Amino acid sequence: MCLVLQARIMAASTSGRPVRVRIAPSPTGDPHVGTAYIALFNYVFAKQQGGKFILRIEDTDQTRARGDSEQMIYDALRWVGLSWDEGPDIGGPHAPYRQSERGAIYAAHAQMLIDSGAAYRCFCTTERLAKLRVQQQAEKLTLGYDRHCRGLDPKEGAARAAAGEVHVVRLATPLEGSVVVKDRLRGDVSIDVGQVDDQVLLKSDGMPTYHLANVVDDHLMEITHVIRAEEWISSTPKHVLLYRAFGWEEPAWYHMPLLRNADKSKISKRKNPVSINYYRDAGVLPHALLNFLGLMGWSFGDDREKFTLEEMIAAFSWDRISLGGPVFNLDKLTWLNEKYIHDLSYDALADAVIDWRLNKGYLTKVLPLVRERIKRLDELIPAIEYFFSGDLDLASRPDVIAELTKLSATWPIAQMATDLRTLVEQLEAKDGWAHKTIEEVARAWSEAIGQKAKVTFPVLRLLVTGRKASPPLFETIEVLGKEIARRRLRHGADLLPTLVK
RNA sequence: GGCCCCAUAGUCUAGCGGUUAGGACGUCGGCCUCUCACGCCGAAAACAAGGGUUCAAGUCCCUUUGGGGUCACCA
């Protein structure tokens, strides 16, 4: 039996503690499909082991926080059918579960590390660090903090801090040796400490970095198995070092492969829809999405590809994980979704469609935009068709292509595509999705790229509605929802060169 | 670039030393059929390369190649 396999089997019986796992998303944007993916494996393992699944919000970055994001995470996770035993919204024995509310805990723990000499205060300015980095890059040295403040007398550090001097707290990484991460899926991963920076633990705003918060919380919340994405593997030594510095027992590490774009790079919104809300709005059934995620890196054991969460829980084992990064393939997701639709009773399907968009709530948003534009009720459905579609088939619309071609005379196609992607990114950076905001962003963007709204807005309309005429553009975009609208814009930008020759 | 991870068809995967390398998506062909779709049948399509170990290697080891991740006061 190979070592990895042995490690995986031992993993299931690790330590006598009851299994507790967590998903720890950061509320910095739309609910990510990767969050659901990792949540699924945490959830499945917890349920199989009779353990607990905890949701923790990692909102220690004040600058990236997005107001609506946390609620969207709850909604999205519940939508796919994953629920948690403890979390910010439902509480639990280790509350609070929102890191921004645990500041005192981190500060106290950072102090413990300073007291024991495992961490130190650093007064280096960001300017100095930036300069250092440029220099290291120029000289092709290993990037990282040069430990300038490490030699500082702790007493002096304490005094300067007490005097109100701005500083951070850094981990005093051992100067030599290596750290072995016992990854249960990969075996031992040994990383030389030369690769490990004196990582910032406490930021100058008093908030902890991920590294400190994550280790402190996982310990305090009695997390036994850390199941997270592979991108974390290279910072795990820092975490191991922290556990040792505190004298705590490490959790069992499991680094799952990363979901990939078609080109095998880490899944990203530029190349793939990554918001769970997109899949919801595009008419993917939650169970189909979850089932599909279960196929990413894991297989049932027989040739079964369609299975329920309960079946997955019953059949789950770590030795059926494959480590190659799975490409998130929309075609196969759609095929699976088709299976789920076909298995629905007509009654259940009716409910699903109503839940989706064929409901009074959504119609009430659409109708104000079209009432003046219809003369008989029978004109309604054709008039609002694009409010109920996912991707538009622009290639089959000669009028759209002709119009785009015309507009490309003043706005070259390649540039158009680039500019549109810029717009999408600017829209993504905004909280909320109100038409006034969208319009403001679009107007500012138009000006910035040096194109008249008379040219850019028609292009937006063409790509977003697939028509030359529509209700007021920005209200239409608002009602369509950010997911569908952004997807059409991005997808449209990708398609432009093939549409207009 | 340093370090780390990974490697079966275009894609998701089965495979744990002896298989005609299996299944699924997609593609192509056929059947069914008033059309389309579903469904059914069939086809093309893979062990990255080179060295070992072994009677025997997709499976174990090494090297190379390729892909990915990571090197922040972001998570």
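Reminder, nothing fancy here: chain letters follow the sequence lines and each chain counts from 1. Here the structure is a predicted model, which is why all the values come from computation and not from measurement.
Taking the six-membered ring where the residue is Trp, A:Phe45 and A:Phe316 present perpendicular rings, their angle passing 60° and hence far from 30°.
Distance CD1/A:Ile233 to CD1/A:Ile191: 7.0 Å, rounded to 0.5 Å.
In terms of position on RNA chain B, the residue among A:Pro208 and A:Val189 whose nearest nucleotide sits closer to the 5' end is A:Val189. Nearer to the 5' terminus of RNA chain B, by closest-nucleotide assignment, is the contact made by A:Ile191 (compared with the other of A:Ile191 and A:Gly325).
For the segment residues 267-301 of chain A, the set of residues with a heavy atom within less than 4.0 Å of an atom of RNA chain B comprises A:Leu295, A:Met296, A:Gly297, A:Ser299, in numerical order. Within residues 165-180 of chain A, the residues that place at least one heavy atom under 4.0 Å from RNA chain B are, in residue-number order, A:Val168, A:Arg170.
Using a 4.5 Å heavy-atom cutoff, the side chains of A:His167 and A:Arg160 are not in contact. Looking at A:Ile23 and A:Ile227, their side chains never come closer than 4.5 Å, going by heavy atoms from C-beta outward.
For the C1' atom pair drawn from B:A48 and B:U27, the interatomic distance equals 24 Å after rounding to whole Å. Nucleotides B:G15 and B:U20 place their C1' atoms 15 Å apart, quoted to the nearest Å. Rounded to whole Å, the separation between the P atoms of B:C60 and B:G66 comes to 23 Å. Comparing the same atom, C1', in B:G23 and in B:G42 gives a spacing of 16 Å after rounding to whole Å.
The partner of B:C55 is B:G18, judged by Watson-Crick or G-U wobble contacts that both fall below 3.5 Å. B:G66 and B:C6 make up a base pair, with Watson-Crick or G-U wobble contacts both under 3.5 Å. When Watson-Crick and G-U wobble pairs are counted only if both distances are under 3.5 Å, B:G26 pairs with no nucleotide at all. Base pairing of B:A37 is not made with any nucleotide, judged by Watson-Crick or G-U wobble geometry with both donor-acceptor distances under 3.5 Å. In this structure, B:C47 forms no base pair with any nucleotide, since neither Watson-Crick nor G-U wobble geometry is met with both distances under 3.5 Å.
Per the geometry, CE belonging to A:Met256 stands 14 Å off C1' belonging to B:C12, to the nearest Å. For A:Asp61 and B:C73, the CG to P distance is 12 Å, given to the nearest whole Å. We find that CD1 of A:Ile57 is positioned 18 Å from P of B:C74, with the value rounded to whole Å. In this structure, CG of A:Leu185 is placed 12 Å from P of B:A7, rounded to the nearest angstrom. Rounded to whole Å, the distance from CG on A:Leu202 to C1' on B:C74 is 16 Å. Computed from coordinates, the A:His32 NE2 to B:A75 P distance equals 17 Å when rounded to whole Å. Protein atom CZ of A:Arg228 is 16 Å distant from nucleotide atom P of B:C5, rounded to whole Å. One atom, CD of A:Gln99, and another, P of B:A75, lie 9 Å apart when rounded to the nearest Å.
Take A:Trp232 and apply the side chain to side chain donor-acceptor pair (under 3.5 Å) test, not counting sequence neighbours, and it matches no residue. Applying the salt bridge (Lys or Arg N to Asp or Glu O under 4.0 Å) test to A:Arg121 and every residue at least two apart in sequence or in another chain returns nothing. Scored by the side chain to side chain donor-acceptor pair (under 3.5 Å) test, A:Lys203 finds no partners at all (sequence neighbours excluded). Every residue two or more places apart in sequence or in another chain that forms a ring-ring contact (aromatic ring centres under 6.0 Å, His included) with A:His211 is listed here: A:His239. Residues that satisfy the salt bridge (Lys or Arg N to Asp or Glu O under 4.0 Å) test with A:Lys269, not counting sequence neighbours, are A:Glu428.
Distances shorter than 4.0 Å separate some side-chain N or O of A:Arg320 from OP1 or OP2 on B:G15. Applying the 4.0 Å criterion to OP1 and OP2 of B:A75, one finds that A:Thr60 has a side-chain N or O inside that range.
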In a table with atom names and distances, give each donor-acceptor pair under 3.5 Å that connects a side chain of residues 386-395 of chain A to protein atoms at least two apart or in another chain.
unit_1	atom_1	unit_2	atom_2	d
A:Ser389	OG	A:Glu385	O	3.1
A:Ser389	OG	A:Glu385	OE2	2.8
A:Asp391	OD1	A:Arg487	NE	3.0
A:Asp391	OD2	A:Arg487	NH2	2.9
A:Asp393	OD2	A:Ser396	OG	3.0

If you look only at distance, which donor and acceptor atoms sit under 3.5 Å apart when one is on a side chain in residues 338-346 of chain A and the other is two or more places apart or in another chain?
unit_1	atom_1	unit_2	atom_2	d
A:Tyr340	OH	A:Asn291	OD1	2.6
A:Tyr340	OH	A:Phe307	O	3.2
A:Asp343	OD2	A:Lys306	NZ	2.8
A:Ser345	OG	A:Ala348	N	2.9

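Counting only residues at least two apart or on different chains, the salt bridge (Lys or Arg N to Asp or Glu O under 4.0 Å) pairs with a member in residues 270-281 of chain A are A:Asp263-A:Lys271.
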Exercise for review: Take A:Arg486 and A:Asp30 through the salt bridge (Lys or Arg N to Asp or Glu O under 4.0 Å) test and state the conclusion after the steps.
Suggested key: CA-CA 12 Å; A:Arg486 290 189 312 203; A:Asp30 300 301; 2.9 Å; yes
Exercise for review: Apply side-chain contact (heavy atoms from CB on, under 4.5 Å) to the pair A:Tyr37 and A:His32, showing each step before the final yes or no.
Suggested key: CA-CA 9 Å; A:Tyr37 173 56; A:His32 201 277; over 6 Å; no
Practice item. Do nucleotides 65-71 of chain B as a string where each nucleotide becomes B, S or -: B if the base has a protein heavy atom under 4.0 Å, S if just the sugar-phosphate does, - if no protein is that close. Key: --SSSSS
Exercise for review: Assign a letter to each nucleotide of nucleotides 23-31 of chain B from its 5' end: B, base within under 4.0 Å of a protein heavy atom; S, sugar-phosphate only; -, no contact.
Suggested key: BBS------
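Put simply, the residue from A:Arg22, A:Lys52, A:Arg20 that forms a side chain to side chain donor-acceptor pair (under 3.5 Å) with A:Glu86 is A:Arg20.
Of all nucleotides listed (B:C12, B:C5, B:A75), B:A75 comes nearest to the side chain of A:Tyr210.
Of all heavy-atom pairs spanning A:Asn42 and A:Phe53, the tightest one is CB-CE1, 3.6 Å.
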